[in-house]
Amino acid sequence: MIYVDADACPVKPEILKVAERHNLPVTLVANSGLRPSRDPMVTNVIVSTGFDAADDWIAERAGPGDVVITADVPLAGRCVAKGALVTGPTGRVFDVANIGMATAMRDLGAHLRETGESRGFNAAFTARDRSAFLETLDRLCRRAKQA
């Protein structure tokens with residue numbers, strides 16, 4: 001299963017392409033409306049607008065052999081802890097070896113924004129990010145199918 005934190009995910013079409021190639025079901029989870037899909041392998045889940053409702057839904061279900069796509073580091077950490085394969089939309093893999101550092105860097109960035117030391121601008125999503133994501137997702141799907 002591929003779980004997608006879908007509210008602000010810039011790579012939904014790419015996910016669906018790779019999932020179809022690997023014959024893996026996809027669940028898109030969001031707080032707001034999603035465009036319905038005619039593909040029987042795609043499920044849309046709309047959760048409440050509560051804080052972290054989509055994250056909680058995914059974290060409760062993801063486990064070994066599942067792929068999770070999220071830019072949310074705390075959600076990535078929860079899914080890694082449960083044995084899921086996790087990547088961000090830029091192709092950055094989150095795993096047991098790097099989730100601690102990713103969490104620390106996220107917390108540092110939040111602190112710097114709170115103190116005014118940083119304005120917190122995110123880099124623009126590029127074609128290179130999209131390409132890296134496709135490569136990473138394909139690799140993780142192959143690993144998930146072997147699990």
Side-chain angles (χ1 to χ4, degrees), residues 1-107 109-110 113 118-147:
M1 174 68 71
I2 299 174
Y3 292 104
V4 182
D5 186 3
D7 275 321
C9 181
V11 289
K12 287 188 278 272
E14 290 80 1
I15 295 166
L16 300 179
K17 260 190 234 182
V18 173
E20 182 178 7
R21 184 174 341 123
H22 288 280
N23 197 33
L24 290 172
V26 175
T27 300
L28 300 167
V29 185
N31 294 102
S32 58
L34 293 168
R35 182 175 299 165
S37 173
R38 293 182 182 166
D39 187 339
M41 297 289 282
V42 177
T43 303
N44 289 345
V45 175
I46 307 299
V47 296
S48 73
T49 56
F51 186 72
D52 285 341
D55 296 357
D56 292 342
W57 195 97
I58 293 169
E60 288 170 8
R61 288 159 180 82
D66 293 327
V67 176
V68 176
I69 297 143
T70 183
D72 185 278
V73 175
L75 173 58
R78 293 167 68 186
C79 294
V80 165
K82 293 182 74 179
L85 304 169
V86 184
T87 184
T90 61
R92 178 182 183 191
V93 173
F94 297 101
D95 58 24
V96 294
N98 69 11
I99 195 64
M101 181 60 76
T103 301
M105 293 303 293
R106 176 197 173 273
D107 293 346
R113 284 188 300 280
S118 169
R119 292 201 174 126
F121 297 116
N122 291 329
F125 189 75
T126 66
R128 177 178 281 165
D129 294 331
R130 193 173 308 277
S131 177
F133 172 77
L134 283 166
E135 181 181 325
T136 298
L137 181 58
D138 190 68
R139 186 176 69 250
L140 292 181
C141 287
R142 283 185 268 124
R143 283 182 54 197
K145 286 169 48 175
Q146 291 173 351

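Numbering of residues begins at 1 and proceeds along the displayed sequence. Note that the structure is a prediction, hence the values are computed from the model and not measured.
The shortest non-hydrogen separation linking Phe94 to Gly88 is CE1-N, 3.9 Å. For Leu137 against Ile15, the heavy-atom pair with the smallest separation is CD2-CA, 3.8 Å. Contact detail for Leu28 and Ala6: the closest heavy-atom pair is CB-CB, 4.0 Å. Across all their heavy atoms, Pro36 and Asn44 have their closest contact at CA-ND2, 3.6 Å.
Note that OG1 of Thr43 is 12.0 Å distant from CD1 of Ile2, once rounded to the nearest 0.5 Å. To the nearest 0.5 Å, atom CG of residue Asn23 and atom CE of residue Met41 are 4.5 Å apart. Leu85 CG to Thr136 OG1: the interatomic distance, rounded to the nearest 0.5 Å, is 11.5 Å. The NZ atom of Lys17 sits 6.5 Å away from atom CD of Glu14, with the distance rounded to the nearest 0.5 Å. With values rounded to the nearest 0.5 angstrom, Leu140 atom CG is found 11.0 Å from Leu24 atom CG. Rounded to the nearest 0.5 angstrom, Asp129 CG and Leu134 CG are separated by 11.0 Å.
Listed for the Asn98 side chain is a donor-acceptor partner under 3.5 Å among the backbone atoms of Val93. Remark: side-chain polar atoms of Arg61 are paired, donor with acceptor, to backbone N or O of Trp57 under 3.5 angstrom. Between the side chain of Asn31 and the backbone N or O of Ser48, at least one donor-acceptor pair lies under 3.5 Å.
Leu16 has its side chain within reach of Val42: a pair of non-hydrogen atoms, C-beta onward, lies under 4.5 Å apart.
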Please tabulate, for side-chain N and O atoms in residues 62-77, each donor-acceptor pair with protein atoms closer than 3.5 Å (sequence neighbours left out).
| unit_1 | atom_1 | unit_2 | atom_2 | d |
| --- | --- | --- | --- | --- |
| Asp66 | OD2 | Gly63 | N | 2.9 |
| Thr70 | OG1 | Asp5 | OD2 | 2.9 |
| Thr70 | OG1 | Asp72 | N | 2.9 |
| Asp72 | OD1 | Leu75 | N | 2.7 |

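In terms of the side-chain hydrogen bond (donor to acceptor under 3.5 Å, both in side chains) criterion, residue partners of Arg142 (sequence neighbours excluded) are, by chain and number, Asp138.
A side-chain hydrogen bond (donor to acceptor under 3.5 Å, both in side chains) check over residues 75-93, counting only residues at least two apart or in different chains, returns the pairs Asp56-Arg78.
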